[in-house]
Number of protein chains: 2
Amino acid sequence: MIVNGQTVADGAATTLREMILAGQLRPGERVHQDQLAELLGLSRTPLRTALATLATDGLLDYEANRGYRVRSFSVDTIRSVFEIRSVLEAQACRIAARLGCSEAVLARLDALVASGDEILASGTLDPAALPQWRRMNVEFHETIIRAANNPLLGEFVARTHNVPMVSDRVILWDDYDIIHRSHDDHHRIARALRSSEGERAAAIMSEHVSFAGDLLVERLRNDPEAALQQLIATAGSGSKKPKKAEK
Amino acid sequence: MIVNGQTVADGAATTLREMILAGQLRPGERVHQDQLAELLGLSRTPLRTALATLATDGLLDYEANRGYRVRSFSVDTIRSVFEIRSVLEAQACRIAARLGCSEAVLARLDALVASGDEILASGTLDPAALPQWRRMNVEFHETIIRAANNPLLGEFVARTHNVPMVSDRVILWDDYDIIHRSHDDHHRIARALRSSEGERAAAIMSEHVSFAGDLLVERLRNDPEAALQQLIATAGSGSKKPKKAEK
DNA sequence: AGGCGCCAAAATGTATCCAATTTTTCAAGA
DNA sequence: TCTTGAAAAATTGGATACATTTTGGCGCCT
């Protein structure tokens, strides 16, 4: 209730989601309702609503009368979710091309690609530029998904982001060549969509996402701690659009 | 709490899910918490937990301070979810083939296909045989998904079933030729998996699901009421495996 | 010493109560 | 007659209190 257009339970859900994705609540850890409620400064009722939501989202495991535990995702699971994201986003390309992208969408993609070019123009990866890059990347992917005009597809891709690490907001920002190649994919996807080559766009997108997954998995396997720390540091919060209070 | 291994809230969630998928609660309709709680014979607290769950599952829309409404799915949305199911199950075929199906899995698929042959042997569609057919169909699809050994993929496909009509339990049981052709797909998919032809199995599966979607959408467009009634009558409840009470 | 069982403590699940917001009703004014 | 406003009713959201289940510990028996 309180002030804005969302309830305490909603707020708790987003807070908890961030805590989990950021690793503040460790996988496998039991969730003490009393403790957590006090920590967040609310009663158990809205907290439990939030917990039920997150469990349905797949971030928590639930067992009747034994409460919630933070779900632990194996590296293998993370890998597999990238596979799912890959086929879903590829399908988005197919559908978008089939429907035909509006000039507005194509122009938006071109603009995003151009803004990426600008960031890469220096030939190095400036850490300060990461947030801007992330915005560009998220926007690019979301624009295509929106262009598929398939609301459920968007929802499913969004659920994909509920798995730690599997998000277009998570970027390994340390290898210029890889980022450059990744952005080259963006170029080609935008071009393919402009010429209505859906299958081609889909193929590039599929590889685009799959490779990002492979890369991340490799890093996690080699040096889990380091990769995790870097990712948590760079993940940041997403695109929050809370309705403004109206009073 | 009560007796079995699940809570009142869990029970309410499954009950409500069935009510919504069966059309007992009409799309767009507001959910009165007091009424519904009394109807189900429980207090608002577990009901609200169930509502939060269903909202996260995408069966209800929620607006802060204004409660829940039954989500309405346009025919177009249903169509689009079949597209999603199609790519996901196709991907399951690819992965299963890549991993290599165990002989147990292949034998199971063969057995299921054979049981389908038996049902179709008469050359007509006996309404009495529908439940058995449905079990066969559900098992076939689930076996392949399990063979992909990708738990998240299974979860995502399961979420697909949260959309009314989009389920391998929903079967249009009135056209022998179509059912026969559909089962021929099963034959070919099983054979392709046995020979580790993942791409081939995926292609068949993709068309298998897509066509079912097209067919359903066509029926819904032509005569929504009739199709709906037939489907509700034939849908039945799924594969419930509640843990037995241990006391 | 180790295992078993019972009792107490803690944690979860549900019901009830209260607060805050939304919706409806009803009337007054233009 | 239609609109606008405010107050009452209805409904949702949150906090507290209670019941049930699980869990941990202690003593007893083998």
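Every value quoted in this text rests on a predicted model; they were computed, and no experiment measured them. Each chain gets a letter, A, B and so on, in the order the sequences are listed, and its residues count up from 1.
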Among [options], which nucleotide sits nearest the side chain of [X]?
{"X": "Asn65(B)", "options": "dT22(C), dT22(D), dT12(C)", "result": "dT22(C)"}
{"X": "Tyr62(A)", "options": "dT11(D), dG14(D), dG13(C)", "result": "dG13(C)"}
{"X": "Arg30(B)", "options": "dT23(C), dT12(C), dT14(C)", "result": "dT23(C)"}
{"X": "Arg66(A)", "options": "dT23(D), dT23(C), dT14(C)", "result": "dT23(D)"}

Can you check the [X] [atom1] to [N] [atom2] distance for me, whole Å?
{"X": "Leu36(B)", "N": "dT12(D)", "atom1": "CG", "atom2": "P", "result": "10 Å"}
{"X": "His32(A)", "N": "dA9(C)", "atom1": "NE2", "atom2": "C1'", "result": "13 Å"}
{"X": "Gln6(A)", "N": "dT12(D)", "atom1": "CD", "atom2": "C1'", "result": "16 Å"}
{"X": "Glu63(B)", "N": "dT21(C)", "atom1": "CD", "atom2": "C1'", "result": "13 Å"}
{"X": "Gln33(A)", "N": "dA17(D)", "atom1": "CD", "atom2": "C1'", "result": "16 Å"}
{"X": "Leu51(B)", "N": "dT14(C)", "atom1": "CG", "atom2": "C1'", "result": "15 Å"}
{"X": "Tyr68(A)", "N": "dT12(C)", "atom1": "OH", "atom2": "P", "result": "10 Å"}
{"X": "Asp10(B)", "N": "dT20(D)", "atom1": "CG", "atom2": "C1'", "result": "15 Å"}

Measure from NZ or CZ of Arg79(B) to the centre of the six-membered ring of Phe82(B) and say whether it is under 6.0 Å with the direction within 45° of the ring axis. no

Residues of residues 38-48 of chain B with a heavy atom under 4.0 Å from any atom of DNA chain D, listed by number, are Arg44(B), Arg48(B)

Check each of Arg169(B), Arg146(B), Arg134(B) against Glu139(B) using the salt bridge (charged side-chain N to carboxylate O under 4.0 Å, His left out) test, and report the only one that passes. Arg146(B)

Do the side chains of Glu83(B) and Arg98(A) get close enough for a salt bridge, i.e. N-O under 4.0 angstrom? yes

Less than 4.0 Å between a side-chain N and a carboxylate O, is that true for Asp76(A) and Arg221(A)? yes

Could you check whether any side-chain heavy atom of Val105(B) comes within less than 4.5 Å of a side-chain heavy atom of Thr143(B), counting everything from C-beta outward? yes

Counting C-beta onward and ignoring hydrogens, is there a side-chain heavy-atom pair between Phe73(A) and Val166(A) closer than 4.5 Å? no

Walking DNA chain D from its 5' end, the first of Ala64(A) and Gln35(B) to be reached, judged by nearest nucleotide, is Gln35(B)

Assess the residue pair Arg108(A) and Glu142(A) against the criterion (salt bridge (charged side-chain N to carboxylate O under 4.0 Å, His left out)); give the C-alpha distance rounded to whole Å, side-chain angles, the decisive distance to 0.1 Å, and a yes or no. CA-CA 11 Å; Arg108(A) 179 114 191 77; Glu142(A) 287 186 349; over 6 Å; no

